[in-house]
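To keep things clear, I will list the structure first and then write my remarks on it.
This one's a predicted model, so the numbers in the text were calculated from it and none came from an experiment. For ligands, and for the atoms within them, numbers begin at 1 and follow the listed sequence.
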Amino acid sequence: MILIVDDKPENIFSLKTILELHSFPTDTALSGEEALKKILRQSYALIILDVQMPGMDGFEVAEAISGYSKARDIPIIFLSAASTDKKFITKGYTSGGLDYITKPIDPDILLLKVKTFYRLYEQNRELNRIQASLRSEIEFRKKVEGELQERAGELHSILESIPQIAFTTRADGKIEFVNEQWLKYAPSKQEFPLTHPDDTDLVRQWELTVASGEALDMEVRVRSIGEEDYRFHLLRAIPIREGNTITKWVGTFTDIEDQKQAIKKKDEFISIASHELKTPLTTIKAYVQLLDRAIEPADPNKMFVDRALVQIRKLDNLIVDLLDLSKIESGKLKFNKKTFDFGATLSNAIEMIRQTYPEYRIIRKGQADIQVFGDEMRIEQVLINYLTNAVKYSPDNKEVHVEIEMHPDNRLFVKVRDFGIGIRKVDQTNIFHKFYRVEESANRFQGLGIGLYICAEIIRRHEGEYGVESEPGQGSAFYFSVPFVRDQALSQGA
Ligand code: ADP
């Protein structure tokens, strides 16, 4: 907006008309005092100021304006009465004015000057805007940098306070920070702790991890400087991301040697205990079986012998599971694989469950006359385990389905479905883990939580898949797959 200041309304009118004809918005003031009031309230792009006015003259107004920080940069065009005021023009310039026009006004010259000032004003405004946005950008960056430094400081204090060996690296993997513990194990702040010669080389491993962008979780043996013995540590490192970009890595080495030793001792104990228990139990079993045969069916003591045999069988199964567990742990679970008739194995397993649990109805669905390549005893063990669990965990619904499907990729799928207590989603992923039992039902049903772990290992070793589908209160369907022998299937199917 352009402010026109003149004491003569006719002058104002003609100026206003010329400017508005050329689309310049205008405002007017009839005296210097009024002009100053307006300038205080509003910002103008240009002031056209008559020099000769009663009261405050144009130069006084300009001088007053130069005192306002908000307005001192507004350009001024003085309107002066020909030569009389020329001597004052320099005064006009020094008090902040920028140009003048002599009366009578030549509209072309006026427009030329107004346009120039207006363009300057707009360029100035644009420059100011850019400057302001640059300033706020710098402020923002400073703030973010400050916050980042603060966060890094906090992270370092946390890493100093923990007992682990801890470090952070830049996004490219170069070590940035290490805590005090680090120097007890590593030769310098820039190098990783020394690992056992048989373990993975950490420098290479770290390069691979950084290149992959995936978190690292591995066990390594490291030793502290000056010590002979290596201790197992769990090395964990995670990438820190901002949006999709990794900005740094944070990692720790946790000493897990004592846990490792405890697990080793426990495994040794289970192995020794199950071996030691197995021998006397086999003898007891043989004697009780002899007694069972010797005793007359009508003898009232026969019932006690039968009950003893049921318990002996349970104990025997537990010990066999424990022995299998130790074999898995020590990598000694052996498989005797050959082609066998799966249908017969399944019938045996179902028959055994029917005899032990006559009150349950086991319904078989689908064709199972097929040859499978694998360890027959072990596959039967998986079937019996799935079936026993189906019976055990469905005390109120005495029906179990065994569903057989042959998939085109030469895989036989076996599903054991019960309509019992079911399993929650959170537990479903864990039940194949060692010693895992669902807490809610652990008191109600006896067990060690190793049956499914052994099944999983057996199926894995047959290159098969295993899993469970279940709904709490509705029942569960445990499944596994094993490869079958295709030619046999075709000939049997034909
Ligand atoms: P155990 O039965 O000796 O506890 P398993 O390894 O066979 O050990 O099973 C692990 C856990 O999985 C069980 O404790 C039980 O909580 C759950 N589970 C297994 N089978 C079923 C099933 N058919 N229905 C419901 N829960 C089951």
(request) Please confirm whether Y436 comes within less than 3.5 Å of ligand 1 when only nitrogen or oxygen atoms on both sides are compared. (result) no
(message) Within the structure, is a non-hydrogen atom of G420 found at a distance of less than 4.0 Å from ligand 1?
(response) no
(message) Show the atoms of ligand 1 that are less than 4.0 angstrom away from any heavy atom in L448.
(response) 3 (O)
(request) Assert yes or no for the condition that the ring centre distance of F419 to H401 is strictly below 6.0 Å. (result) yes
(request) Tell me which protein heavy atom sits closest to atom 23 (N) of ligand 1, plus the residue, atom name and distance to 0.1 Å. (result) D418 OD2, 2.9 Å
(message) Within ligand 1, which atoms have a heavy atom of K392 less than 4.0 Å away?
(response) 1 (P), 2 (O), 3 (O)
(message) Looking only at the side chains, is there a donor atom on one of Q149 and E145 sitting less than 3.5 Å from an acceptor on the other?
(response) no
(request) Specify the protein heavy atom at minimum distance from atom 26 (N) of ligand 1: its residue, its atom name, and the distance to 0.1 Å. (result) I423 CG1, 3.3 Å
(message) So if I count the atoms of ligand 1 from 1 in the order they appear, which ones are less than 4.0 Å from some heavy atom of R437?
(response) 1 (P), 4 (O), 14 (O)
(message) Yes or no: does F478 have any heavy atom under 4.0 Å from an atom of ligand 1?
(response) yes
(message) A cation-pi test, strictly: NZ or CZ of K260 under 6.0 Å from the centre of the six-membered ring of F232 and no more than 45 degrees from its axis. Yes or no?
(response) yes
(request) Provide, to 0.1 Å, the distance between atom 12 (O) of ligand 1 and the closest protein heavy atom, together with that atom's residue and name. (result) I431 CG2, 3.3 Å
(message) Aromatic contact between F373 and F484, with the criterion being ring centroids under 6.0 Å apart: yes or no?
(response) no
(request) Could you pull out, from N389, L318, D321, the option with a heavy atom nearest to atom 20 (N) of ligand 1? (result) N389
(request) With the side chain counted from C-beta on, respond yes when S326 and S274 share a heavy-atom pair under 4.5 Å apart, and no when they do not. (result) yes
(message) Could you tell me, atom by atom, which parts of ligand 1 come under 4.0 Å of a heavy atom of I450?
(response) 6 (O), 8 (O)
(request) Output yes when the distance from some N or O of ligand 1 to some N or O of G449 is under 3.5 Å, and no in every other case. (result) yes
(message) If you apply the rule ring pair (Phe, Tyr, Trp, His ring centres under 6.0 Å), what do you find for Y479 with Y466, and how did you get there?
(response) CA-CA 6 Å; Y479 62 84; Y466 58 86; 8.2 Å; no
(request) Could you tell me which atoms of ligand 1, counted from 1 in the order shown, lie closer than 4.0 angstrom to a heavy atom of L452? (result) 5 (P), 6 (O), 7 (O), 9 (O), 10 (C), 12 (O), 19 (C)
(message) Need the ligand 1 atom indices (1-based, order shown) with element for anything under 4.0 Å from a heavy-atom of S476.
(response) 24 (N), 25 (C)
(message) We want to know whether D27 and Y44 form a side-chain donor-acceptor pair, criterion being a heavy-atom distance below 3.5 angstrom.
(response) yes
(request) Using distance alone, with no hydrogens and no angle criterion, decide if Y436 and D427 have a side-chain donor and acceptor under 3.5 Å apart. (result) yes
(request) Could you tell me whether K314 atom NZ has more than 12 heavy atoms of other residues or ligands within 6.0 Å of it? (result) no
(request) Just need the protein heavy atom nearest to atom 13 (C) of ligand 1, so name the residue and atom and give the distance. (result) Y393 OH, 3.2 Å
